[in-house]
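Take a look at the structure set out below.
The analysis underlying the following values was restricted to heavy atoms, covering all of them including side chains, and did not include hydrogens, waters or symmetry mates. Reminder, nothing fancy here: chain letters follow the sequence lines and each chain counts from 1. What you see is a predicted model, and the numbers here were worked out from it, not measured in a lab.
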Number of protein chains: 2
Amino acid sequence: MPNTTSEAREQVLNVAEQLFMERGYSAVRLKDIADALNIKQASLYYHFPQGKEELYVEVLRHSLRRHAAGIQAALAQAPAGDWLAQLEAVASWLLSQPPVDKMSTVQHDLPEIHPETVHMLDEESFAALFVPILGIFAAAQASGQIELEDPDLVAGMFLGMINNLHMVKAEWNPRSKHQMAEMLIRLLARGLEPRPA
Amino acid sequence: MPNTTSEAREQVLNVAEQLFMERGYSAVRLKDIADALNIKQASLYYHFPQGKEELYVEVLRHSLRRHAAGIQAALAQAPAGDWLAQLEAVASWLLSQPPVDKMSTVQHDLPEIHPETVHMLDEESFAALFVPILGIFAAAQASGQIELEDPDLVAGMFLGMINNLHMVKAEWNPRSKHQMAEMLIRLLARGLEPRPA
DNA sequence: GTCTATACGCTGATAGAC
DNA sequence: GTCTATCAGCGTATAGAC
(Lines give C-alpha, C1' and ligand atoms only; values in the text may rest on other atoms or scores of the structure.)
Protein backbone atom coordinates (compact mmCIF):
# COMPACT_ATOMS: atom_id res chain seq x y z
CA MET A 1 0.00 0.00 0.00
CA PRO A 2 1.72 3.18 -1.15
CA ASN A 3 0.94 6.73 -0.10
CA THR A 4 1.42 5.92 3.57
CA THR A 5 4.25 6.56 5.97
CA SER A 6 7.29 4.43 5.34
CA GLU A 7 11.02 4.55 5.60
CA ALA A 8 11.66 4.94 1.89
CA ARG A 9 8.92 7.45 1.34
CA GLU A 10 10.28 9.57 4.15
CA GLN A 11 13.69 9.55 2.51
CA VAL A 12 12.22 10.68 -0.77
CA LEU A 13 10.46 13.54 0.95
CA ASN A 14 13.61 14.70 2.67
CA VAL A 15 15.79 14.63 -0.41
CA ALA A 16 13.11 16.23 -2.52
CA GLU A 17 12.58 18.96 0.04
CA GLN A 18 16.22 19.88 -0.07
CA LEU A 19 16.19 20.20 -3.83
CA PHE A 20 12.84 21.92 -4.19
CA MET A 21 13.68 24.48 -1.56
CA GLU A 22 16.97 25.47 -3.06
CA ARG A 23 16.01 25.48 -6.74
CA GLY A 24 12.26 25.82 -6.87
CA TYR A 25 9.63 23.55 -8.32
CA SER A 26 10.18 23.80 -12.03
CA ALA A 27 13.94 23.71 -11.94
CA VAL A 28 14.04 20.37 -10.17
CA ARG A 29 13.74 17.31 -12.41
CA LEU A 30 12.42 14.06 -11.06
CA LYS A 31 15.68 12.59 -12.27
CA ASP A 32 17.60 14.90 -9.93
CA ILE A 33 15.68 13.59 -6.98
CA ALA A 34 16.04 9.99 -8.09
CA ASP A 35 19.77 10.41 -8.65
CA ALA A 36 20.24 11.82 -5.18
CA LEU A 37 18.51 8.74 -3.83
CA ASN A 38 20.36 6.32 -6.10
CA ILE A 39 17.17 5.04 -7.58
CA LYS A 40 15.56 5.43 -10.98
CA GLN A 41 13.22 8.20 -11.91
CA ALA A 42 10.28 5.90 -12.53
CA SER A 43 10.59 4.41 -9.04
CA LEU A 44 9.35 7.65 -7.55
CA TYR A 45 5.93 6.82 -8.92
CA TYR A 46 5.58 3.99 -6.45
CA HIS A 47 5.50 6.48 -3.59
CA PHE A 48 3.77 9.28 -5.42
CA PRO A 49 1.54 7.83 -8.11
CA GLN A 50 0.24 11.23 -9.15
CA GLY A 51 3.69 12.36 -10.11
CA LYS A 52 5.70 15.49 -9.59
CA GLU A 53 3.00 17.81 -8.39
CA GLU A 54 1.81 15.37 -5.75
CA LEU A 55 5.39 14.90 -4.58
CA TYR A 56 5.91 18.63 -4.31
CA VAL A 57 2.73 19.21 -2.38
CA GLU A 58 3.54 16.36 -0.02
CA VAL A 59 7.00 17.82 0.48
CA LEU A 60 5.51 21.13 1.48
CA ARG A 61 3.02 19.54 3.86
CA HIS A 62 5.70 17.37 5.37
CA SER A 63 7.91 20.38 5.85
CA LEU A 64 5.13 22.42 7.38
CA ARG A 65 4.19 19.68 9.83
CA ARG A 66 7.81 19.42 10.91
CA HIS A 67 8.02 23.17 11.33
CA ALA A 68 4.85 23.34 13.35
CA ALA A 69 6.26 20.75 15.72
CA GLY A 70 9.76 22.21 15.75
CA ILE A 71 8.58 25.70 16.52
CA GLN A 72 6.32 24.50 19.27
CA ALA A 73 9.20 22.54 20.75
CA ALA A 74 11.46 25.57 20.52
CA LEU A 75 8.88 27.66 22.30
CA ALA A 76 8.31 25.06 24.99
CA GLN A 77 12.01 24.94 25.69
CA ALA A 78 12.36 28.71 25.98
CA PRO A 79 11.57 30.46 29.27
CA ALA A 80 7.87 31.26 29.39
CA GLY A 81 7.15 34.96 29.08
CA ASP A 82 10.61 35.74 27.75
CA TRP A 83 9.72 36.87 24.28
CA LEU A 84 13.30 37.60 23.27
CA ALA A 85 14.46 34.12 24.20
CA GLN A 86 11.48 32.74 22.35
CA LEU A 87 12.33 34.62 19.19
CA GLU A 88 15.87 33.37 19.40
CA ALA A 89 14.73 29.80 19.91
CA VAL A 90 12.45 30.00 16.90
CA ALA A 91 15.15 31.63 14.80
CA SER A 92 17.57 28.93 15.81
CA TRP A 93 15.12 26.26 14.78
CA LEU A 94 14.38 27.91 11.46
CA LEU A 95 18.06 28.20 10.68
CA SER A 96 18.57 24.53 11.44
CA GLN A 97 16.06 23.62 8.76
CA PRO A 98 15.98 23.90 5.00
CA PRO A 99 14.47 27.25 4.02
CA VAL A 100 10.69 27.53 4.05
CA ASP A 101 10.00 30.72 2.30
CA LYS A 102 6.27 30.84 2.58
CA MET A 103 5.94 33.70 0.21
CA SER A 104 8.67 33.03 -2.26
CA THR A 105 7.68 29.41 -2.57
CA VAL A 106 4.04 30.16 -2.73
CA GLN A 107 4.40 32.78 -5.39
CA HIS A 108 7.18 31.40 -7.52
CA ASP A 109 6.13 27.83 -7.75
CA LEU A 110 2.48 27.56 -7.09
CA PRO A 111 1.21 29.16 -10.27
CA GLU A 112 1.82 25.72 -11.72
CA ILE A 113 -0.21 24.01 -9.00
CA HIS A 114 -3.96 23.56 -8.67
CA PRO A 115 -5.45 26.65 -7.00
CA GLU A 116 -7.42 24.74 -4.38
CA THR A 117 -4.25 23.02 -3.25
CA VAL A 118 -2.51 26.34 -3.04
CA HIS A 119 -5.21 27.62 -0.76
CA MET A 120 -4.83 24.65 1.56
CA LEU A 121 -1.08 25.11 1.70
CA ASP A 122 -1.58 28.78 2.40
CA GLU A 123 -3.65 27.98 5.44
CA GLU A 124 -1.29 25.32 6.68
CA SER A 125 1.71 27.59 6.42
CA PHE A 126 -0.20 30.33 8.11
CA ALA A 127 -0.96 28.05 11.04
CA ALA A 128 2.46 26.43 11.21
CA LEU A 129 4.68 29.47 10.81
CA PHE A 130 2.86 32.72 11.13
CA VAL A 131 0.53 32.06 14.03
CA PRO A 132 3.21 31.01 16.54
CA ILE A 133 5.41 33.99 15.74
CA LEU A 134 2.50 36.32 15.91
CA GLY A 135 1.69 34.80 19.30
CA ILE A 136 5.08 35.76 20.65
CA PHE A 137 4.71 39.38 19.67
CA ALA A 138 1.10 39.57 20.75
CA ALA A 139 1.90 38.20 24.19
CA ALA A 140 4.84 40.52 24.61
CA GLN A 141 2.69 43.42 23.66
CA ALA A 142 -0.15 42.37 25.95
CA SER A 143 2.22 42.23 28.89
CA GLY A 144 3.61 45.64 28.03
CA GLN A 145 7.08 44.40 27.22
CA ILE A 146 7.01 45.89 23.77
CA GLU A 147 5.13 48.49 21.82
CA LEU A 148 4.16 47.79 18.27
CA GLU A 149 1.64 49.19 15.90
CA ASP A 150 1.14 46.25 13.61
CA PRO A 151 1.95 42.81 15.01
CA ASP A 152 1.19 41.09 11.71
CA LEU A 153 3.64 43.22 9.85
CA VAL A 154 6.39 42.63 12.36
CA ALA A 155 5.75 38.90 12.51
CA GLY A 156 5.96 38.70 8.76
CA MET A 157 9.11 40.72 8.71
CA PHE A 158 10.68 38.48 11.29
CA LEU A 159 9.99 35.37 9.26
CA GLY A 160 11.27 36.99 6.12
CA MET A 161 14.35 38.29 7.87
CA ILE A 162 15.35 34.91 9.22
CA ASN A 163 14.63 33.28 5.92
CA ASN A 164 16.84 35.74 4.12
CA LEU A 165 19.71 34.62 6.28
CA HIS A 166 19.53 31.25 4.57
CA MET A 167 20.68 32.91 1.39
CA VAL A 168 23.57 34.90 2.78
CA LYS A 169 26.69 33.34 1.38
CA ALA A 170 29.59 32.79 3.73
CA GLU A 171 31.77 35.10 1.64
CA TRP A 172 29.42 38.00 2.17
CA ASN A 173 29.54 37.95 5.93
CA PRO A 174 32.03 36.16 8.15
CA ARG A 175 29.55 35.60 10.95
CA SER A 176 27.50 32.49 11.40
CA LYS A 177 23.83 32.66 10.58
CA HIS A 178 23.04 32.26 14.23
CA GLN A 179 25.18 35.24 15.12
CA MET A 180 23.53 37.31 12.44
CA ALA A 181 20.10 36.25 13.64
CA GLU A 182 21.00 37.22 17.16
CA MET A 183 22.18 40.64 16.11
CA LEU A 184 19.10 41.27 14.05
CA ILE A 185 16.84 40.19 16.86
CA ARG A 186 18.66 42.48 19.24
CA LEU A 187 18.17 45.31 16.78
CA LEU A 188 14.51 44.49 16.46
CA ALA A 189 14.14 44.38 20.22
CA ARG A 190 15.60 47.84 20.55
CA GLY A 191 13.17 49.11 18.00
CA LEU A 192 10.25 47.63 19.88
CA GLU A 193 11.23 48.77 23.34
CA PRO A 194 8.55 50.79 25.04
CA ARG A 195 9.56 54.35 25.55
CA PRO A 196 8.26 57.24 27.56
CA ALA A 197 5.86 59.47 25.70
CA MET B 1 22.26 44.77 -36.44
CA PRO B 2 20.76 42.97 -33.50
CA ASN B 3 22.02 42.97 -29.93
CA THR B 4 21.92 46.73 -29.72
CA THR B 5 19.49 49.15 -28.15
CA SER B 6 16.20 49.41 -29.98
CA GLU B 7 12.56 49.99 -29.29
CA ALA B 8 11.48 46.40 -29.77
CA ARG B 9 14.38 44.95 -27.84
CA GLU B 10 13.60 47.21 -24.93
CA GLN B 11 10.02 46.00 -24.93
CA VAL B 12 11.16 42.40 -24.86
CA LEU B 13 13.39 43.12 -21.90
CA ASN B 14 10.61 44.78 -19.96
CA VAL B 15 8.06 42.08 -20.54
CA ALA B 16 10.58 39.34 -19.86
CA GLU B 17 11.69 41.03 -16.66
CA GLN B 18 8.18 41.03 -15.33
CA LEU B 19 7.75 37.33 -15.99
CA PHE B 20 11.18 36.20 -14.86
CA MET B 21 10.94 38.12 -11.64
CA GLU B 22 7.60 36.75 -10.65
CA ARG B 23 8.04 33.12 -11.68
CA GLY B 24 11.76 32.50 -11.87
CA TYR B 25 13.94 31.48 -14.76
CA SER B 26 12.95 27.91 -15.39
CA ALA B 27 9.24 28.39 -14.96
CA VAL B 28 9.07 30.99 -17.71
CA ARG B 29 8.73 29.63 -21.24
CA LEU B 30 9.91 31.65 -24.19
CA LYS B 31 6.39 31.22 -25.49
CA ASP B 32 5.04 33.04 -22.43
CA ILE B 33 7.21 36.02 -23.19
CA ALA B 34 6.36 35.94 -26.88
CA ASP B 35 2.64 35.67 -26.15
CA ALA B 36 2.77 38.68 -23.85
CA LEU B 37 4.36 40.61 -26.70
CA ASN B 38 2.00 39.25 -29.34
CA ILE B 39 4.83 37.85 -31.35
CA LYS B 40 6.01 34.32 -32.03
CA GLN B 41 8.48 32.46 -29.91
CA ALA B 42 11.07 32.17 -32.64
CA SER B 43 11.06 35.94 -33.15
CA LEU B 44 12.80 36.40 -29.84
CA TYR B 45 15.91 34.96 -31.40
CA TYR B 46 16.30 38.02 -33.54
CA HIS B 47 17.00 40.12 -30.48
CA PHE B 48 18.74 37.45 -28.45
CA PRO B 49 20.42 35.01 -30.80
CA GLN B 50 21.91 32.99 -27.96
CA GLY B 51 18.49 32.14 -26.67
CA LYS B 52 16.88 32.01 -23.29
CA GLU B 53 19.92 32.28 -21.12
CA GLU B 54 21.20 35.33 -22.95
CA LEU B 55 17.79 36.93 -22.65
CA TYR B 56 17.69 36.26 -18.95
CA VAL B 57 21.12 37.65 -18.32
CA GLU B 58 20.36 40.74 -20.34
CA VAL B 59 17.16 41.19 -18.38
CA LEU B 60 19.10 41.12 -15.15
CA ARG B 61 21.70 43.56 -16.39
CA HIS B 62 19.04 45.86 -17.76
CA SER B 63 17.23 45.73 -14.46
CA LEU B 64 20.38 46.38 -12.47
CA ARG B 65 21.34 49.35 -14.59
CA ARG B 66 17.89 50.84 -14.09
CA HIS B 67 18.13 50.25 -10.37
CA ALA B 68 21.53 51.82 -10.10
CA ALA B 69 20.21 54.95 -11.79
CA GLY B 70 16.92 54.93 -9.92
CA ILE B 71 18.53 54.61 -6.54
CA GLN B 72 21.00 57.34 -7.30
CA ALA B 73 18.16 59.57 -8.41
CA ALA B 74 16.21 58.76 -5.27
CA LEU B 75 19.21 59.63 -3.16
CA ALA B 76 19.85 62.85 -5.02
CA GLN B 77 16.30 63.93 -4.47
CA ALA B 78 16.37 63.23 -0.73
CA PRO B 79 17.76 65.81 1.69
CA ALA B 80 21.51 65.33 2.02
CA GLY B 81 22.53 63.98 5.38
CA ASP B 82 19.03 62.84 6.24
CA TRP B 83 19.56 59.11 6.30
CA LEU B 84 15.96 58.34 7.20
CA ALA B 85 14.60 60.27 4.28
CA GLN B 86 17.15 58.58 2.09
CA LEU B 87 16.08 55.12 3.17
CA GLU B 88 12.50 56.02 2.50
CA ALA B 89 13.32 57.36 -0.91
CA VAL B 90 15.19 54.21 -1.82
CA ALA B 91 12.42 52.02 -0.45
CA SER B 92 9.90 53.96 -2.45
CA TRP B 93 11.91 53.45 -5.58
CA LEU B 94 12.35 49.75 -4.96
CA LEU B 95 8.65 49.28 -4.40
CA SER B 96 7.88 51.07 -7.65
CA GLN B 97 9.90 48.50 -9.54
CA PRO B 98 9.51 44.80 -10.25
CA PRO B 99 11.20 42.80 -7.50
CA VAL B 100 14.96 42.38 -7.70
CA ASP B 101 15.72 39.78 -5.19
CA LYS B 102 19.43 39.65 -5.51
CA MET B 103 19.76 36.57 -3.43
CA SER B 104 16.65 34.66 -4.30
CA THR B 105 17.21 35.22 -7.97
CA VAL B 106 20.85 34.50 -7.77
CA GLN B 107 20.42 31.27 -5.91
CA HIS B 108 17.25 29.88 -7.40
CA ASP B 109 17.91 30.52 -11.01
CA LEU B 110 21.57 30.84 -11.56
CA PRO B 111 22.53 27.23 -11.01
CA GLU B 112 21.46 26.83 -14.60
CA ILE B 113 23.64 29.71 -15.78
CA HIS B 114 27.34 29.75 -16.61
CA PRO B 115 29.33 30.39 -13.43
CA GLU B 116 31.42 33.22 -14.87
CA THR B 117 28.28 35.07 -15.82
CA VAL B 118 26.92 34.57 -12.33
CA HIS B 119 30.02 36.15 -10.90
CA MET B 120 29.66 39.18 -13.11
CA LEU B 121 26.02 39.60 -12.12
CA ASP B 122 26.99 39.23 -8.51
CA GLU B 123 29.34 42.14 -8.80
CA GLU B 124 26.91 44.28 -10.72
CA SER B 125 24.14 43.73 -8.22
CA PHE B 126 26.54 44.42 -5.41
CA ALA B 127 27.44 47.78 -6.93
CA ALA B 128 23.93 48.71 -8.00
CA LEU B 129 21.99 47.73 -4.90
CA PHE B 130 24.15 46.97 -1.96
CA VAL B 131 26.77 49.69 -2.14
CA PRO B 132 24.35 52.65 -2.16
CA ILE B 133 22.37 51.29 0.79
CA LEU B 134 25.50 50.55 2.68
CA GLY B 135 26.60 54.09 1.99
CA ILE B 136 23.54 55.49 3.69
CA PHE B 137 24.13 53.52 6.85
CA ALA B 138 27.85 54.14 6.86
CA ALA B 139 27.39 57.89 6.52
CA ALA B 140 24.77 57.97 9.24
CA GLN B 141 27.06 56.02 11.49
CA ALA B 142 30.05 58.22 10.70
CA SER B 143 28.10 61.31 11.64
CA GLY B 144 26.94 59.71 14.87
CA GLN B 145 23.30 59.63 13.92
CA ILE B 146 23.07 55.91 14.44
CA GLU B 147 24.94 53.15 16.19
CA LEU B 148 25.34 49.84 14.46
CA GLU B 149 27.68 46.94 14.86
CA ASP B 150 27.54 45.50 11.40
CA PRO B 151 26.58 47.86 8.58
CA ASP B 152 26.73 45.10 5.99
CA LEU B 153 24.27 42.99 7.87
CA VAL B 154 21.84 45.82 8.29
CA ALA B 155 22.11 46.91 4.69
CA GLY B 156 21.39 43.39 3.54
CA MET B 157 18.48 43.11 5.89
CA PHE B 158 17.05 46.37 4.63
CA LEU B 159 17.15 45.18 1.05
CA GLY B 160 15.63 41.85 1.94
CA MET B 161 12.97 43.50 4.04
CA ILE B 162 11.81 45.80 1.29
CA ASN B 163 11.91 43.03 -1.21
CA ASN B 164 9.74 40.84 0.98
CA LEU B 165 7.08 43.51 0.83
CA HIS B 166 6.70 42.76 -2.86
CA MET B 167 5.31 39.37 -1.93
CA VAL B 168 2.85 40.46 0.70
CA LYS B 169 -0.58 39.84 -0.73
CA ALA B 170 -3.18 42.53 -0.27
CA GLU B 171 -5.37 40.11 1.69
CA TRP B 172 -2.66 39.64 4.29
CA ASN B 173 -2.31 43.25 5.23
CA PRO B 174 -4.65 46.10 4.41
CA ARG B 175 -1.91 48.70 4.28
CA SER B 176 -0.14 49.77 1.14
CA LYS B 177 3.38 48.57 0.61
CA HIS B 178 4.61 52.09 1.06
CA GLN B 179 2.93 52.36 4.41
CA MET B 180 4.41 49.08 5.48
CA ALA B 181 7.84 50.16 4.34
CA GLU B 182 7.52 53.36 6.29
CA MET B 183 6.56 51.53 9.44
CA LEU B 184 9.40 49.08 9.11
CA ILE B 185 11.89 51.84 8.51
CA ARG B 186 10.65 53.69 11.56
CA LEU B 187 11.09 50.51 13.55
CA LEU B 188 14.58 50.06 12.22
CA ALA B 189 15.41 53.65 13.02
CA ARG B 190 14.37 53.18 16.62
CA GLY B 191 16.56 50.13 16.87
CA LEU B 192 19.54 52.04 15.54
CA GLU B 193 19.13 55.14 17.68
CA PRO B 194 22.23 55.93 19.67
CA ARG B 195 21.62 55.55 23.36
CA PRO B 196 23.45 56.48 26.50
CA ALA B 197 25.72 53.78 27.86
C1' DG C 1 11.69 42.33 -37.34
C1' DT C 2 8.62 38.90 -37.52
C1' DC C 3 6.86 34.80 -39.59
C1' DT C 4 6.26 29.40 -40.62
C1' DA C 5 8.04 25.01 -40.31
C1' DT C 6 10.65 21.73 -38.24
C1' DA C 7 14.34 19.18 -35.74
C1' DC C 8 15.71 17.42 -31.42
C1' DG C 9 16.56 16.68 -26.62
C1' DC C 10 14.57 16.36 -22.39
C1' DT C 11 11.00 15.37 -18.96
C1' DG C 12 7.05 13.49 -16.98
C1' DA C 13 4.52 9.62 -17.12
C1' DT C 14 2.78 4.53 -18.06
C1' DA C 15 3.28 -0.65 -18.38
C1' DG C 16 4.89 -4.55 -16.77
C1' DA C 17 8.95 -7.70 -15.10
C1' DC C 18 11.46 -8.89 -10.97
C1' DG D 1 10.05 -1.24 -3.83
C1' DT D 2 12.72 -0.81 -7.55
C1' DC D 3 13.82 -1.87 -12.23
C1' DT D 4 13.80 -1.55 -17.70
C1' DA D 5 11.58 -0.02 -21.67
C1' DT D 6 8.98 3.11 -24.00
C1' DC D 7 6.43 7.19 -25.40
C1' DA D 8 3.94 11.46 -26.00
C1' DG D 9 4.36 16.25 -25.32
C1' DC D 10 6.71 20.17 -24.55
C1' DG D 11 10.35 23.70 -24.95
C1' DT D 12 14.47 25.32 -27.05
C1' DA D 13 16.64 26.23 -30.94
C1' DT D 14 17.60 26.49 -36.21
C1' DA D 15 16.63 27.54 -41.23
C1' DG D 16 14.87 30.26 -44.32
C1' DA D 17 10.77 33.01 -46.41
C1' DC D 18 8.61 37.54 -46.27
Side-chain angles (χ1 to χ4, degrees), chain A residues 1-60 62 108-114 117-118, chain B residues 1-60 62 108-114 117-118:
Chain A
M1 55 180 95
N3 222 10
T4 172
T5 323
S6 87
E7 192 60 39
R9 188 187 143 101
E10 198 77 6
Q11 261 306 322
V12 175
L13 286 172
N14 289 330
V15 167
E17 176 177 358
Q18 189 70 32
L19 292 172
F20 279 135
M21 292 308 177
E22 66 192 22
R23 299 189 211 158
Y25 180 68
S26 34
V28 174
R29 315 294 160 199
L30 290 181
K31 180 161 195 312
D32 299 334
I33 299 171
D35 284 351
L37 290 160
N38 285 314
I39 63 177
K40 299 301 176 183
Q41 176 255 141
S43 307
L44 292 171
Y45 284 81
Y46 172 77
H47 303 285
F48 304 92
Q50 314 275 58
K52 189 182 181 184
E53 175 167 333
E54 181 192 7
L55 170 56
Y56 183 61
V57 171
E58 288 308 308
V59 161
L60 290 179
H62 185 250
H108 268 135
D109 307 327
L110 301 199
E112 314 190 13
I113 309 288
H114 292 310
T117 316
V118 173
Chain B
M1 54 179 95
N3 224 9
T4 172
T5 323
S6 86
E7 193 59 39
R9 188 187 144 101
E10 198 76 6
Q11 261 308 318
V12 176
L13 286 172
N14 289 329
V15 167
E17 177 177 356
Q18 189 69 33
L19 291 172
F20 279 135
M21 292 307 177
E22 65 191 24
R23 299 189 209 159
Y25 180 68
S26 32
V28 175
R29 317 293 159 199
L30 291 181
K31 181 161 194 312
D32 299 334
I33 300 170
D35 284 352
L37 290 160
N38 285 315
I39 64 177
K40 298 301 174 185
Q41 176 255 142
S43 306
L44 292 170
Y45 283 81
Y46 171 78
H47 302 285
F48 305 92
Q50 315 275 54
K52 189 181 180 184
E53 174 166 334
E54 182 193 7
L55 170 55
Y56 184 60
V57 172
E58 288 308 309
V59 160
L60 290 178
H62 184 251
H108 268 136
D109 308 327
L110 302 198
E112 314 189 12
I113 309 287
H114 292 311
T117 316
V118 173

Given the rule in the side-chain contact (heavy atoms from CB on, under 4.5 Å) test, do B:H62 and B:N14 qualify, once you have shown the distances and angles that lead to the verdict? CA-CA 9 Å; B:H62 184 251; B:N14 289 329; 3.4 Å; yes
Take A:V12 and A:F48 through the side-chain contact (heavy atoms from CB on, under 4.5 Å) test and state the conclusion after the steps. CA-CA 10 Å; A:V12 175; A:F48 304 92; 3.6 Å; yes
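One interatomic measurement links the two molecules: NZ of B:K40 to P of D:dT14, which rounds to 20 Å at whole-angstrom precision. Rounded to an integer number of Å, the gap from A:Q41 CD to C:dA13 P is 8 Å. C:dT11 atom P lies 12 Å from atom CD1 of A:I33, rounded to whole Å. The interatomic distance linking A:E54 (CD) with C:dG12 (P) rounds to 15 Å, in whole Å. Between the OH atom of A:Y25 and the C1' atom of C:dT11 there is a distance of 11 Å, given to the nearest Å. A:L55 places its CG atom 14 Å from the C1' atom of C:dT11, with the value rounded to the nearest Å. Put simply, CG on A:L37 is 14 Å from P on D:dG1, counting in whole angstrom units. Rounded to an integer number of Å, the gap from B:F48 CZ to D:dT12 C1' is 16 Å.
Contact of the A:D109 side chain with the A:F20 side chain is not registered, since no non-hydrogen atoms from C-beta on lie closer than 4.5 Å. Here the side chains of B:Q50 and B:V57 are not in contact, with every heavy-atom distance at 4.5 Å or above. The shortest side-chain heavy-atom distance between B:I33 and B:E17 does not fall under the 4.5 Å cut-off.
In this structure, the nucleotide among C:dA13, D:dT12, C:dG1 sitting nearest to the side chain of B:H47 is C:dG1. Residue B:A42 places its side chain closer to D:dT14 than to any other of D:dA13, C:dG12, D:dT14. The side chain of A:I39 sits closest to D:dC3 out of C:dT2, D:dC3, D:dT12. Relative to the side chain of A:S6, the nucleotides C:dA13, C:dG1, D:dG1 differ in distance, and D:dG1 lies closest. With C:dG12, D:dA5, D:dA13 as the candidates, the nucleotide lying closest to the side chain of B:Y45 is D:dA13.
Considering only side-chain N and O atoms, B:S43 lies under 4.0 angstrom from the phosphate OP1 or OP2 of C:dC3. Between A:Y46 and D:dT2 there is no side-chain N or O to OP1 or OP2 distance below 4.0 Å. At the phosphate of C:dG12, OP1 or OP2 sits under 4.0 Å from a side-chain N or O atom of A:K52.
If you check every strand for non-hydrogen atoms under 4.0 Å, A:V28 touches sugar and phosphate atoms only.
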